[in-house]
Amino acid sequence: MTKLGQWLCGLVLLGSAWAVLALAPPGLRLPAPFRQALLPLPVYLLVAFGCYALATVGFRLATFNDCEEAAAELREHIRAARADLARRGLRF
């Protein structure tokens, strides 16, 4: 199962559990504080997911590895391209 499938399965499970509790079947009586916390729960979960996504991107960006060899190779390619273009008459 792909990661998308896992997320969708979890979302469907949470969504169906929330819908069952929020629609309050006739035999189910929830106390008022539970109902007040239950109704905005999807919004809270969406905000929490956004915070998680932002923290994950920030962490991956902060721990991104530099590739010194690739940077040196790219600089060499740029020098060679500039020299070739200068030989053809282009000025920088």
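All figures in this text were calculated on a predicted structure; none of them were measured in a lab. Numbering of residues begins at 1 and proceeds along the displayed sequence.
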**Message:** Checking side chain to side chain contact (heavy atoms under 4.5 Å, CB included) between R79 and each of R75, H77, R82, which is the one that passes?
**Reply:** R75
**Message:** Would the distance check show the side chain of W18 and the main-chain N or O of L38 forming a donor-acceptor pair, the cut-off being under 3.5 Å?
**Reply:** yes
**Where M1 and C9 come nearest, the two heavy atoms and their spacing** = CE-SG, 4.0 Å
**Message:** Quick check: is L41 connected to L11 through a chain of hydrophobic side chains (ILVMFWY, heavy atoms under 4.5 Å apart)?
**Reply:** no
**Item:** Pairwise distance CG(D84) to CG(L90) - rounded to 0.5 angstrom
**Value:** 10.0 Å
**Asked** From L45 CG over to Y52 OH, what is the distance, rounded to the nearest 0.5 angstrom?
**Response** 14.5 Å
**Request:** Kindly indicate whether the side chain of L28, heavy atoms from C-beta on, has any atom under 4.5 Å from the side chain of L21.
**Result:** yes
**Beyond-backbone contact of W7 with F49, side-chain heavy atoms, under 4.5 angstrom** = yes
